[in-house]
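Please read the structure below before turning to the comments.
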Amino acid sequence: MKTTPSVYPALGRFFDNESQLANAACVSRAFAWKCLNGVDGKDFTPQQKRALMADIIARMCIGQLDPADMSLAVQAYESRANFDELFKANMEATK
């Protein structure tokens, strides 16, 4: 994404814009923006987090990800239950 989200910085590596991320999570663009920026305490539900992980994994499997992003995608695949840990704490992934 053009601007790195403050709550989930590593998601910016996998989605070009908020609309693409919102589509993957099956939410509105406004809701996705609130979740990404921590507005009003909004956060993705467990189902939305699984949908985002599934989108990343699917794009990894069909070769749509940049090879530089593959290591984080593999981590996403291997740690499906640790969405927050992977995408909130993984600051080096946004570099």
Side-chain angles (χ1 to χ4, degrees):
M1 285 179 271
K2 292 180 182 174
T3 60
T4 303
S6 59
V7 177
Y8 294 105
L11 282 177
R13 300 268 319 237
F14 297 101
F15 298 97
D16 295 331
N17 53 51
E18 289 166 359
S19 295
Q20 186 182 36
L21 184 137
N23 288 339
C26 301
V27 298
S28 70
R29 189 172 158 257
F31 184 81
W33 182 86
K34 286 180 181 180
C35 292
L36 290 172
N37 293 292
V39 175
D40 298 333
K42 299 286 186 194
D43 196 9
F44 296 110
T45 65
Q47 293 84 3
Q48 293 162 347
K49 291 175 183 180
R50 282 195 297 270
L52 289 169
M53 294 284 269
D55 183 85
I56 293 168
I57 292 165
R59 289 189 289 132
M60 177 185 75
C61 291
I62 61 173
Q64 286 186 350
L65 293 180
D66 184 337
D69 295 331
M70 291 298 278
S71 64
L72 188 58
V74 169
Q75 282 181 306
Y77 176 76
E78 292 173 347
S79 63
R80 284 174 238 155
N82 299 322
F83 182 91
D84 290 336
E85 181 181 313
L86 184 64
F87 292 108
K88 281 184 179 179
N90 202 342
M91 297 297 283
E92 69 275 0
T94 61
K95 295 179 183 174

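No hydrogens, no waters, no symmetry mates; every other heavy atom, side chains included, goes into these values.
- Residues meeting the salt bridge (charged side-chain N to carboxylate O under 4.0 Å, His left out) test with K34, sequence neighbours left out: none.
- Hydrophobic cluster membership of W33, counting Ile, Leu, Val, Met, Phe, Trp and Tyr whose side-chain heavy atoms lie under 4.5 Å apart directly or via other members: V39.
- Looking at residues two or more places apart in sequence or on another chain, you find a side-chain contact (heavy atoms from CB on, under 4.5 Å) between Q64 and R59, I62.
- Once rounded to the nearest 0.5 Å, the distance linking CD of E18 with CG of N37 reads 6.5 Å.
- Looking only at side-chain heavy atoms (C-beta outward), F87 and M53 come within less than 4.5 Å of each other.
- Taking 4.5 Å as the limit, every side-chain heavy atom of F14 sits out of range of all side-chain heavy atoms of L52.
- Annotation: ring-ring contact (aromatic ring centres under 6.0 Å, His included) contacts involving residues 38-72, sequence neighbours excluded, comprise Y8-F44.
- Listed here is the closest heavy atom pair of L11 and L36: CD1-CD2, 4.1 Å.
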Side-chain donor/acceptor pairs under 3.5 Å, residues 21-30, sequence neighbours excluded:
unit_1, atom_1, unit_2, atom_2, d
N23, ND2, S19, O, 3.3
S28, OG, F31, N, 3.0

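- Proximity of K49 to D43: side-chain heavy atoms (C-beta onward) are separated by under 4.5 Å at one or more points.
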